[in-house]
Amino acid sequence: QVQLVESGGGLVQAGGSLRLSCAASGRTFSVYRMAWFRQVPGKEREFVSTITWSAGGTSYTDSVKGRFTISRDNAKNTVYLQMNDLKPEDTAIYYCAAKSIPGEEYRYWGQGTQVTVSS
């Protein structure tokens, strides 16, 4: 098993910045890819960004490109999401996720951290 704990959410004004952290524990050696998702009330969970654990290759959903940066610290088993130029539409619960096998669904999920952006 892999356990994920998110932190760093909060309330920020539009144009501000936050850095989310996701600390992994347990069978972290098995993790292939980690990702950030977000969800708002009444809407489906949305993919935000992902990073491969070994090579560090990244991808982003179009709405956050140029504003968000995903990174990882292998020694700390931690993934970060640096969020700049935040917009009210970024308001959501942000979830960290991890998978061990390429192509499979994300198996491990954190509890979520709330990000609220005021206008």
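Keep in mind that what you see is a predicted model, and the values were worked out from it rather than measured. Heavy atoms only: backbone and side chains are in, while hydrogens, waters and symmetry mates are out.
- Sorted by first and then second residue, the salt bridge (charged side-chain N to carboxylate O under 4.0 Å, His left out) pairs involving residues 43-53 (not counting sequence neighbours) are R38-E46.
- Within the structure, disulfide (SG to SG under 2.5 Å) contacts touching residues 11-64 (residues at least two apart or in different chains) are C22-C96.
- Annotation: salt bridge (charged side-chain N to carboxylate O under 4.0 Å, His left out) contacts involving residues 69-85, sequence neighbours excluded, are absent.
- If you check the side chains of T52 and R33, you find no donor sitting under 3.5 Å from an acceptor.
- Side-chain N/O atoms of Q114 and T116 include a donor and acceptor closer than 3.5 Å.
- At a threshold of 4.5 Å between non-hydrogen side-chain atoms, the residues S54 and Y32 do not count as touching.
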Handout entry: Verdict with supporting geometry, Q82 and R19, side-chain contact (heavy atoms from CB on, under 4.5 Å)
Key = CA-CA 4 Å; Q82 178 66 47; R19 188 179 75 161; 3.5 Å; yes

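- Between the CD atom in E6 and the CD1 atom in I93 there is a gap of 10.0 Å [rounded to 0.5 Å].
- The disulfide (SG to SG under 2.5 Å) pairs that include a residue from residues 42-76 number zero, where partners must be two or more places apart or lie in different chains.
- Of all heavy-atom pairs spanning A14 and P88, the tightest one is CB-CD, 4.2 Å.
- Here the CD atom belonging to Q3 is positioned 12.0 Å from the CD atom belonging to Q111, to the nearest 0.5 angstrom.
- Remark: A97 pairs with F37, Y106, W109 by the side-chain contact (heavy atoms from CB on, under 4.5 Å) rule, at least two apart or across chains.
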Exercise for the section: Would you sort out whether K65 and D62 count as a salt bridge (Lys or Arg N to Asp or Glu O under 4.0 Å), showing the intermediate values? Expected result: CA-CA 5 Å; K65 288 180 179 177; D62 286 344; 3.0 Å; yes

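- In the hydrophobic clustering (ILVMFWY side chains linked at under 4.5 Å, chained through shared members), M83 is joined by V2, L4, V12, L18, L20, V31, M34, W36, V48, I51, W53, Y60, V64, F68, I70, V79, L81, L86, Y94, Y108, V115, V117.
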